[in-house]
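Because the structure is a prediction, the values reported are computed rather than measured. Residue numbers count from 1 along this sequence.
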Amino acid sequence: MRKILFATTALAMAISGSAPAFAEFNSRNIRVSNGINADHPVGNGIKAMQECLDQKSGGKLKLTAFWGGALGGDLQATQALRSGVQEAVVTSSSPLVGIIPALGVFDLPFLFSTPAEAYKVLDGKFGDQMNQKLDASGLVNLAYWENGFRNLSNSQHPVTKWEDFSGLKVRVMQNNIFLDTFQNLGANATPMAFGEVYSALETKAIDAQENPYVTIDTSKFFEVQKYVTETNHAYTPFLFLFSKAIFNTYTPEEQTALRECAVVGRDVERQVIADLNKKSLEKIKEAGLQVNQLSPEEQARIREKSMIVYEKHKAQIGPDVVDGILAELKTIRGN
């Protein structure tokens, strides 16, 4: 009898030692606000993140996504995080510049050349430094997800060098750095609501617009454009932000699970973005548009010409931030 009891106790200890320690997890409903729709690659990332959390927490940590700005715009949702009344938001960096001016660094033109280059910066030391600035504003950045590169389409001629921008009437977002970027290149930068872009291109009120390939595809801009140039002139990350006030009430195990699973979601979301961009580019080509890439040499030349935009906005963004990211990129590029 004593042998049976000992064996039973040993088996129970072995099982408890190998099973996940779900006791360190509480049942939590985590509201995640998104400005985009559920069919965006962020949706794939949320699903992958939830599957990861299910494994780590035994199903106790649940993400509830609210799409299409159902909980308010990105800025409004971010302020709710800072106030401790909402858990999380997936937001582009651009709307938050008013809270954290340093985030304006990601709007600077021709900053990154490739996705791999952006990932090295965001997932490395510079990304950690930006996370510290977010933390000081009451926000915990779990991971950098992806909005992607923006590229140029137009109805006039191929753009192969910076001189080709001259005179093009380009729709841009209402963003001072974007305005300065295209004006500096000689284009006629025209702020315009996104919903007006298609008709403005169709009626020739504007010549060009700039957006990721997926947007050019889904918005059917290829119907009213002739040329597309892979300029990669702006790369915008998404940030998976969590309320610091709420995050600090979670157990260390819950915090670790959220950070690790946000990275799992990040990797899935980035891959889906890459796959969709390839598919969208093929559709654009099939529609008969002429597509070209800026050569690395020309991209470097335009980046050098754009340094005047960097200098103009350096004080507002923070000299340490601008100089820091340029130094890291110089190291990555080996020049």
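Among all heavy-atom pairs drawn from Leu241 and Leu81, the shortest one is O-CD2, 3.4 Å. Nearest heavy-atom pair, Val309 versus Asp180, reported as atom, atom and distance to 0.1 Å: CG2-O, 4.0 Å. Closest of all the heavy-atom pairs between Leu111 and Leu329 is O-CD1, 3.4 Å. Residue Pro158 comes nearest to Asp164 through the heavy atom pair O-OD2, 3.7 Å, listed as atom of the first residue, atom of the second, then distance. In this structure, Met130 and Ala102 approach most closely via the heavy-atom pair CE-O, 3.5 Å.
Grouping the Ile, Leu, Val, Met, Phe, Trp and Tyr side chains by contacts below 4.5 angstrom, directly or via other members, places Phe222 apart from Phe149. In the hydrophobic cluster analysis, where Ile, Leu, Val, Met, Phe, Trp and Tyr join through side-chain heavy atoms closer than 4.5 angstrom, Leu122 is grouped apart from Val268. Hydrophobic clustering, with ILVMFWY side chains joined whenever heavy atoms are under 4.5 angstrom apart, keeps Tyr235 apart from Phe110. Residue Ile332 is grouped with residue Phe106 when hydrophobic side chains (ILVMFWY) are merged at heavy-atom distances under 4.5 angstrom, including chains of intermediate members. Linking Ile, Leu, Val, Met, Phe, Trp and Tyr residues whenever their side-chain heavy atoms come within less than 4.5 Å places Leu134 and Ile325 in a single cluster.
Between the side chains of Thr160 and Asn292, no donor-acceptor pair of N or O atoms lies under 3.5 Å. For the residue pair Asn131 and Tyr144, a side-chain donor N or O sits within less than 3.5 Å of a side-chain acceptor on the partner. In the model, Gln271 has a side-chain atom that pairs as donor or acceptor with a side-chain atom of Asp275 under 3.5 Å.
You'll find the side chain of Phe194 reaches within 4.5 Å of the side chain of Arg171, heavy atoms only. Side chains of Val32 and Phe240 form a contact here, defined as non-hydrogen atoms less than 4.5 Å apart. Proximity of Asp320 to Gln129: side-chain heavy atoms (C-beta onward) are nowhere separated by under 4.5 Å.
To the nearest 0.5 angstrom, Arg28 atom CZ is 5.0 Å from Tyr250 atom OH. In this structure, CD on Gln209 lies 10.0 Å from CG on Asn154, to the nearest 0.5 angstrom. Between Gln225 atom CD and Ile216 atom CD1 the span is 8.0 Å, to the nearest 0.5 Å. Here the CD-CZ distance, from Glu298 to Arg303, works out to 11.5 Å after rounding to the nearest 0.5 Å. Within the model, atoms CD of Gln79 and OG of Ser137 stand 9.5 Å from one another, a figure rounded to the nearest 0.5 Å. Atoms CG and CD, from Leu61 and Glu253 in turn, are 11.0 Å apart once rounded to the nearest 0.5 Å.
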Show the atom names and distances, to 0.1 Å, of all donor-acceptor pairs under 3.5 Å that link a side chain in residues 62-77 to residues at least two apart or in another chain.
| residue | atom | partner | partner atom | Å |
| --- | --- | --- | --- | --- |
| Lys62 | NZ | Asp54 | OD1 | 3.4 |
| Thr64 | OG1 | Asn29 | OD1 | 2.5 |
| Asp74 | OD2 | Thr91 | OG1 | 3.4 |

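Under 4.0 Å is where a charged nitrogen must lie from a carboxylate oxygen, and between Lys120 and Glu328 no such pair does. By the 4.0 Å N-to-carboxylate-O rule, Arg31 lies close enough to Glu87 to be salt-bridged with it. Under 4.0 Å is where a charged nitrogen must lie from a carboxylate oxygen, and between Lys125 and Asp128 no such pair does. Salt-bridge annotation for Glu163 and Lys305: absent, with no side-chain N of the basic residue lying under 4.0 Å from a carboxylate O of the acidic one.
The neighbour count for Glu223 CD, taken as heavy atoms of other residues, nucleotides or ligands under 6.0 Å away, is above 12. Counting non-hydrogen atoms of neighbouring residues, nucleotides and ligands closer than 6.0 angstrom, the NZ atom of Lys314 exceeds 12 such neighbours.
Taking the salt bridge (charged side-chain N to carboxylate O under 4.0 Å, His left out) definition, one finds that Asp207 meets it with nothing, sequence neighbours left out.
Of the candidates Val228, Asn232, Leu294, Val159, Val159 is the only one forming a side chain to side chain contact (heavy atoms under 4.5 Å, CB included) with Leu152.
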| After noting the C-alpha distance and the side-chain angles of His40 and Phe238, does the key distance pass the ring pair (Phe, Tyr, Trp, His ring centres under 6.0 Å) rule? | CA-CA 12 Å; His40 187 279; Phe238 276 136; 5.7 Å; yes
